Amino acid sequence: MANSVASIERGKLDRGLTFRERIDPARRITLLAAGAVIALVLMLLVFIAFNGVQIFTASGFSFDAIFNATWNPDSTTAQSFGILPFIAGTVGVMVVAAIIATPLSVGLAIFMAEVAPDWARSVAQPAMEVFVGIPSVVWGWLGITVLVPFLRDDLHGIGFTLGFSWFAGSIVLSLMILPTITSITFDVITSIPAELRSASVALGTTRWQTIRHVVIPAGAAGIMTAIVLGMMRAAGEALAVQMVIGNRGVMPTSLADPMSTLTSEITLDVGNTVAGEPWNQVLWTMGLVLLLMSFGFVLLVRRLGRRRALG
Amino acid sequence: MSIADPPARADAPEVTRPTVAPSSLSTSAPIKLQARGLNVYYGAKRAVRDVDLDIPANAIMSFIGPSGCGKTSILRCFDRMNDLVPGARVEGTIMLNGEDINGRDILPVEVRRRVGLVFQRPNPFPMTIYDNVAYGPRRHGTSNRAALDEIVESCLGRAALWDEVKDDYRKKSGLSLSGGQQQRLCIARTLATEPDVVLMDEPCSALDPIATLKIEELMADLRARYTIVIVTHNMQQAARVSDRTAFFTMGEDRSGYLVEVGDTSEIFTNPRERLTEDYVSGRFG
Amino acid sequence: MKRTLYADTIATGALWAIAILVVTILGAIILHFLFASVGTISLGFLFGDPSDTSVGGIGPLLWNSIYILVLTLLLTVPLGILGGIYMAEYAGQGPIPNMIRLSQELISSVPSIVVGLFGLALFVNATHWSFTALGGALALSIFNLPLMTRLTEQALRAVPRDERDGSLALGTTKWQTIRHVVLPLAVPGIVTGVILTAGRIFGEAAALLFTSGVATPPHYDYLDFSLGDPRSPWSPFHAATTLSVYIWKLNSEGLGTFVRQISDAAAAVLVIMVLLFNLGARWLGRVLQRRVTGAR
């Protein structure tokens with residue numbers, strides 16, 4: 001009896017279950033509920049992929065016609081549906097946002113885990129929860145009303161001319177992914193065994209030396225995961241970016257220039273195009289690219305050895 | 001004057017003799033560590049009560065006593081590790097080479113460098129054996145490769161680990177060693193910061209008998225250069241390795257106090273206190 | 001020695017500075033919206049109808065946000081709890097649980113705008129429902145279902161082993177143990193998680209643009225309870241532009257003189273709701289925790 005209980009508790013393979021346990025209706029019903037997500041993934045993939053390839057199959061565009069750098073969908077003479085500007089834009093904002101957000105978030109996580117007295121932690125932790133809850137449109141609206149005017153008018157005097165731009169999009173995104181990276185990094189750091197810290201401290205090193213040479217190396221893989229998950233969120237974020245990035249379908253060349261991303265383009269034009277036309281079909285292709293990108297991120301995170309895609 | 005200076009230097013102060021000699025001080029060795037009126041509190045709870053203790057240089061002192069009697073708490077006062085425990089408070093003075101380690105201008109970081117600590121469970125860093133040993137010297141400013149190589153080799157040698165790892169110590173992770181080897185690595189790592197004193201907190205409790213024996217042999221070798229304080233729950237171990245033994249127990253208020261301290265042979269064969277006799281003869285604890 | 005101490009001091013200072021900066025940004029955002037919305041937020045604004053010629057109100061939009069939120073929770077919480085029970089109590093290791101975990105991760109990685117596209121294809125076009133609250137709620141359910149499952153799983157896993165063993169040792173079945181011992185103990189954790197998630201559903205917009213629509217809602221007759229009638233605000237088939245979507249729409253159209261005022265106030269309402277959801281989750285979690293542990 002004791003043995004069979006223990007083996008169920010540890011969730012042994014089906015082999016370890018008695019016949020009665022295997023046909024337990026509760027087990028089957030809950031399995032159905034949990035397994036529904038597999039069907040969802042497959043449906044999502046099929047629907048997006050089916051619509052995403054229409055531009056090639058139904059409208060007969062070549063692969064090169066879509067994966068090129070010229071986006072000119074409403075021209076009558078030189079119509080072109082190259083989506084590379086949007087892919088480059090997505091990668092561009094994602095990378096710059098991660099560059100801005102990483103030092104802040106990792107620093108904040110280290111602060112909360114290693115430095116903060118109790119009272120400071122009890123301020124910072126709920127603050128992160130609120131931070132993560134601020135809706136995308138609110139960030140976008142802040143971008144429009146606070147950030148962009150600031151970049152355009154107040155920084156003008158010192159030689160910057162920025163407005164709706166790659167840079168503005170990256171700033172907004174960096175704030176949005178900050179809580180993501182922070183909370184995962186915090187979990188990673190707090191799960192590093194305390195004995196390692198004691199060992200370092202007992203050798204007469206300072207707290208910062210311990211953080212720098214023991215804590216960060218020990219958490220490196222986990223921190224990388226956190227950054228990748230932050231980048232994943234940045235790549236998929238739509239409204240906030242669309243509201244501040246300027247939405248010009250050109251290859252990004254300068255942080256100060258307006259550009260566009262896959263998500264912004266989908267956001268703006270799905271409602272303005274007619275189903276079945278190439279312009280609409282190519283938006284679905286962009287959706288498919290985004291879907292594959294995010295699946296790629298999940299596999300990357302799995303390779304990094306942690307399963308933290310849910311947050 | 002900083003306690004960072006090795007005592008061997010010419011200008012080292014004469015070791016201050018305790019004005020009130022603790023009972024039964026029969027060795028003639030100079031006093032390395034000296035505790036007076038030591039009390040340790042965790043929050044409102046007093047864990048250690050009024051300990052006066054002298055620890056002679058170049059000898060092995062063992063702390064024995066039932067669990068919960070504050071042995072580890074006392075040990076951790078000697079390198080100020082209690083500073084890191086939230087709510088912990090240490091009263092009284094602790095002199096290292098005649099200087100108060102809790103003094104105003106003494107840095108805990110310096111104390112911990114002079115006084116090494118080996119933990120109950122081996123805790124090597126997740127890096128190579130080489131990097132484990134070089135960790136302390138590197139943090140303290142040694143970056144010269146040749147110097148580091150020499151330190152690592154000699155410390156691994158002193159910790160009796162060199163022969164077992166000399167082929168791949170630059171590549172192999174410290175975590176890939178066996179438990180006993182890991183503990184010797186931790187000792188080597190401690191030695192690399194050139195401490196005067198090595199504190200060991202039940203260093204063999206996680207090890208098998210053969211690994212334990214190796215550590216005990218190692219301690220005997222190290223005695224020539226270092227002052228060693230070992231906390232152990234294993235009375236045979238205390239009897240085997242130590243020159244002097246301090247017996248602690250827990251009072252009615254559940255705080256630990258020192259019952260008696262003396263040469264190990266005396267404590268085990270002819271203790272002065274009834275409590276000690278009961279404990280070492282196995283009638284208590 | 002001096003240098004390492006300086007480095008320690010500087011690094012500690014830098015870490016404090018980062019923390020203060022981030023918390024200040026958040027505080028500034030909250031204060032910004034409070035100040036920007038003072039004078040606009042009133043009962044008339046919260047409950048009134050939108051208008052092109054004046055500030056108007058956000059009543060129907062708020063209604064739709066709450067409606068879709070409740071509908072999404074109704075769809076995902078029961079299913080998520082069941083799924084979570086499987087993952088925590090029955091699954092263990094094996095190919096099927098692994099597939100489920102991978103799928104959960106994949107789903108939650110999908111950008112919400114792509115979920116919106118999927119919803120457009122399935123719940124708007126394929127079903128011929130056009131833009132509906134139900135379509136929006138279904139789209140939101142896609143990424144909330146795995147979230148709820150995961151949340152329940154974690155809450156269940158946090159229940160100590162002893163509690164299960166104690167019950168199983170009395171000869172009860174596994175399901176009885178889950179139902180009467182484990183689940184009740186996990187309730188505080190589940191409730192807290194659900195409320196926090198609800199805060200995020202409430203602000204979500206991208207997945208709703210193409211599923212519940214962007215049309216400015218007409219005047220709602222809240223006494224019209226005919227669930228089948230798409231004009232009734234109670235019907236799952238009414239087009240349901242939410243508050244977040246409305247803010248986006250106002251700005252993308254760039255029309256009207258009151259855009260700034262309305263958006264500021266509407267954004268303030270969203271931020272305040274997020275704060276309330278957070279505080280609510282903490283408070284309720286604590287109350288339930290006390291009740292669960294106290295009653296036993």
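These numbers come from a predicted model, not from an experiment. Sequence lines set the chain letters: A, B, ... in the order given, protein chains first and strands last, and positions in each chain run from 1.
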query: Based on non-hydrogen pairs under 4.5 Å, which of A:Ile266, A:Leu45, A:Thr263 is most in contact with chain C?
result: A:Ile266

Contact class of C:Leu209 relative to chain A, heavy atoms under 4.5 angstrom: side chain

- request: Would you check, one step at a time, whether the test salt bridge (Lys or Arg N to Asp or Glu O under 4.0 Å) holds for C:Glu105 with A:Arg302?
  value: CA-CA 10 Å; C:Glu105 286 169 26; A:Arg302 288 208 147 204; 3.0 Å; yes

More than 12 heavy atoms from other groups under 6.0 Å of CZ on A:Arg212: no

- prompt: What part of A:Met286 lies closer than 4.5 angstrom to a heavy atom of chain C: side chain, backbone, both or neither?
  reply: neither

task: Measure C:Phe118 against the heavy atoms of chain A and call it side chain, backbone, both or neither at under 4.5 Å.
output: both

- request: Counting only heavy atoms closer than 4.5 Å, note whether C:Arg282 contacts chain A via side chain, backbone, both or neither.
  value: side chain

query: So, do C:His32 and A:Leu142 sit near enough that their side-chain heavy atoms are less than 4.5 Å apart?
result: yes

Part of A:Ala238 within contact of chain C (heavy atom distance under 4.5 Å): side chain

- prompt: What distance separates A:Arg233 CZ from C:Ser108 OG, expressed to the nearest 0.5 Å?
  reply: 12.5 Å

task: Return the minimal non-hydrogen interatomic distance between C:Ala205 and A:Leu239, and the atom names on each side.
output: CB-CD1, 3.2 Å

Segment of A:Leu42 engaging chain C (4.5 angstrom heavy-atom cut-off): neither

query: Using the ring of each side chain (for Trp, its six-membered ring), is C:Trp16 parallel, tilted or perpendicular to A:Phe111, with breaks at 30° and 60°?
result: perpendicular

message: Can you tell me which portion of A:Leu32 sits under 4.5 Å from chain C's heavy atoms? Options are side chain, backbone, both or neither.
response: neither

message: For the backbone of A:Trp208 and the side chain of C:Asp8, can you confirm whether one donor and one acceptor N or O come within less than 3.5 Å of each other?
response: yes

message: What part of A:Ile48 gets within 4.5 angstrom of chain C, counting heavy atoms only: side chain, backbone, both, or neither?
response: side chain

query: How about C:Arg200 and A:Val132: do any of their side-chain heavy atoms sit closer than 4.5 Å?
result: yes

query: Is it the backbone or the side chain of C:Asp264 that comes under 4.5 Å from a heavy atom of chain A, or both, or neither?
result: both

Part of C:Leu79 lying under 4.5 Å from any heavy atom of chain A: both

Which atoms of C:Val23 approach chain A - backbone, side chain, both or neither, heavy atom under 4.5 Å: side chain

task: Check whether A:Gln242 gets within reach of chain C through its side chain, its backbone, both or neither, counting any heavy atom under 4.5 Å.
output: side chain

- line: Turns out that what part of C:Phe33 lies under 4.5 Å from chain A's heavy atoms comes down to side chain

task: Answer with side chain, backbone, both or neither: which region of A:Ile29 has an atom nearer than 4.5 Å to a non-hydrogen atom of chain C?
output: side chain

task: Determine whether C:Ile29 and A:Trp139 make a side-chain contact, defined as any pair of heavy atoms from C-beta on separated by less than 4.5 Å.
output: yes

- prompt: Of all of A:Pro126, A:Ala36, A:Gly35, A:Gly271, which one pairs up most often with chain C through heavy atoms under 4.5 Å apart?
  reply: A:Pro126

message: For the interface with chain A, which of C:Gly199, C:Ser244, C:Pro78 has the highest count of heavy-atom pairs at distances below 4.5 Å?
response: C:Ser244

- request: Would you mind checking which part of A:Val115 comes under 4.5 Å of any heavy atom in chain C, side chain (CB onward), backbone (N, CA, C, O), both or neither?
  value: side chain

- prompt: Among A:Thr205, A:Val270, A:Thr182, who wins on heavy-atom pairs under 4.5 Å with chain C?
  reply: A:Val270

field: Selection from C:Ile10, C:Ile85, C:Val110, C:Leu145 maximising heavy-atom pairs under 4.5 Å formed with chain A
entry: C:Val110

- prompt: Tell me, side chain or backbone of C:Leu122 under 4.5 Å from chain A's heavy atoms, or both, or neither?
  reply: both

Heavy-atom closest contact (A:Ile110 atom, C:Leu15 atom, distance): CG2-CD1, 3.8 Å

message: Looking only at heavy atoms and a cut-off of under 4.5 Å, which of A:Ala33, A:Ala116, A:Ala124 has the most pairs with chain C?
response: A:Ala33

- request: Could you tell me which portion of A:Ala39 (side chain, backbone, both or neither) has an atom closer than 4.5 angstrom to a non-hydrogen atom of chain C?
  value: neither

- prompt: Who among A:Trp141, A:Phe297, A:Phe47 has the most heavy-atom pairs with chain C under 4.5 Å?
  reply: A:Trp141

query: Given a strict heavy-atom distance threshold of 4.5 Å, which part of A:Leu283 is in contact with chain C: side chain, backbone, both, or neither?
result: backbone

field: Heavy-atom side-chain proximity of C:Tyr90 to A:Leu31 below 4.5 angstrom
entry: no

